[in-house]
Amino acid sequence: MIEGIALERGHEVILKIDVDNRNTLTVEELKQADAAIEFTAPSSAVGNINFCLESGVPIVVGTTGWYEHLDAVKETTAKNNGSMVYATNFSVGVNILFAMNKQMAKWMNQYPEYAVKVEETHHTQKLDSPSGTAITLAEGILDNISRKKAWQKQDVSHSAPLADDILKIAYDRRDGVPGIHEVKYTSGIDEIRFSHEAFNRKGFALGAVLGAEFIVDKKGIYTAADMFGF
Ligand SMILES: NC(=O)c1ccc[n+]([C@@H]2O[C@H](COP(=O)([O-])OP(=O)(O)OC[C@H]3O[C@@H](n4cnc5c(N)ncnc54)[C@H](O)[C@@H]3O)[C@@H](O)[C@H]2O)c1
């Protein structure tokens with residue numbers, strides 16, 4: 001899907017690397033690219049990121065579930081004067097949702113009678129849980145609602161109560177779901193919900209190509225919020 005969009009936008013795809021040919025990739029080959037787009041798996045992302053940074057190739061990172069290594073990746077980026085844009089979600093719609101979520105949390109900080117919760121549903125092949133997108137939504141809430149101190153994930157089928165200062169991220173895995181995210185505020189008298197549902201993966205793929213166009217002439221680390229200007 002990324003290749004199709006890149007070609008439509010007038011780019012050339014000079015290398016396609018997956019788990020079967022990753023070991024044959026050389027620095028010389030990689031250096032011929034203006035940018036690399038990395039959507040693989042949590043266990044391989046950091047190795048691929050470092051390889052691109054050390055080869056001097058700007059990189060767009062869509063893989064989620066590796067962020068505990070973000071500080072080390074930032075150091076590698078600085079050391080190599082490299083360029084990277086990463087995002088838990090590259091779709092325009094979700095980035096609008098992220099901006100709305102932060103604003104909503106600022107308002108809801110004044111209304112402790114509302115309980116807040118994040119929910120996400122994805123296909124059963126997804127390796128990480130909760131989704132990176134759900135974590136970004138949770139962080140947007142934690143940064144703005146003082147009664148919540150940390151998030152905790154829970155399988156949707158478990159409903160054990162959490163401490164009052166913990167924000168729940170409920171996750172569900174169902175066949176064929178590209179991605180659904182919802183934020184819910186519930187009081188004794190009403191409920192406010194806002195959500196995003198991806199119908200397919202085209203929004204992520206377009207965002208990844210836009211990310212490559214964005215990062216190609218920049219230095220340093222950026223996120224989708226920088227890219228979309230929210
Ligand atoms: N940021 C976003 O917008 C966004 C959107 C969708 C998916 N994702 C994330 O992207 C990642 C990939 O998801 P997907 O649905 O495209 O998965 P996928 O299984 O459809 O594709 C993963 C690809 O990575 C390749 N791969 C695996 N290990 C590799 C390695 N060591 N080196 C090179 N290639 C390797 C596989 O061969 C496969 O082609 C996941 O972490 C997912 O959560 C992010």
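All heavy atoms count here, side chains included; hydrogens, waters and symmetry mates do not. Every number for a ligand or one of its atoms is a count from 1 in the order of the listing.
If you check the side chains of Glu197 and His181, you find no donor sitting under 3.5 Å from an acceptor. Checked by atom type, the side-chain pair Ser187/Asp190 shows a donor-acceptor distance below 3.5 Å. A donor and an acceptor atom, one from each side chain of Thr136 and Asn89, are nowhere located under 3.5 Å apart.
The nearest protein atom to atom 13 (O) of ligand 1, hydrogens excluded, is given as Thr40 O, 4.1 Å; this is a heavy-atom distance. Among protein heavy atoms, the minimum distance from atom 9 (C) of ligand 1 is reached at Gly62 O, 3.5 Å.
Between Arg22 and ligand 1, not a single N/O pair is under 3.5 Å apart. At under 3.5 Å, a nitrogen or oxygen of Lys126, whether backbone or side chain, sits near a nitrogen or oxygen of ligand 1. At under 3.5 Å, a nitrogen or oxygen of Phe90, whether backbone or side chain, sits near a nitrogen or oxygen of ligand 1. Taking any N or O of Arg201, backbone or side chain, at least one lies under 3.5 Å from an N or O belonging to ligand 1.
Annotation for Glu120 and Ser131: closest pair OE2-N, 2.6 Å, computed over non-hydrogen atoms.
Salt-bridge check for Arg174 with Asp172: passed, with a basic side-chain N closer than 4.0 Å to an acidic carboxylate O.
When heavy-atom distances to ligand 1 are checked against a 4.0 Å cut-off, Ala87 comes that close only through its backbone atoms N, CA, C and O. When heavy-atom distances to ligand 1 are checked against a 4.0 Å cut-off, Gln125 has no atom that comes that close, whether in backbone or side chain. Residue Thr88 touches ligand 1 through its backbone alone, judged by heavy-atom distances below 4.0 Å.
Using a 30° and 60° split on the angle between ring planes, Tyr86 and Tyr67 fall in the tilted class, from 30° to 60°. Aromatic ring pairs are classed by plane angle as parallel below 30°, tilted from 30° to 60° and perpendicular above 60°; the pair Phe214 and Tyr222 is perpendicular.
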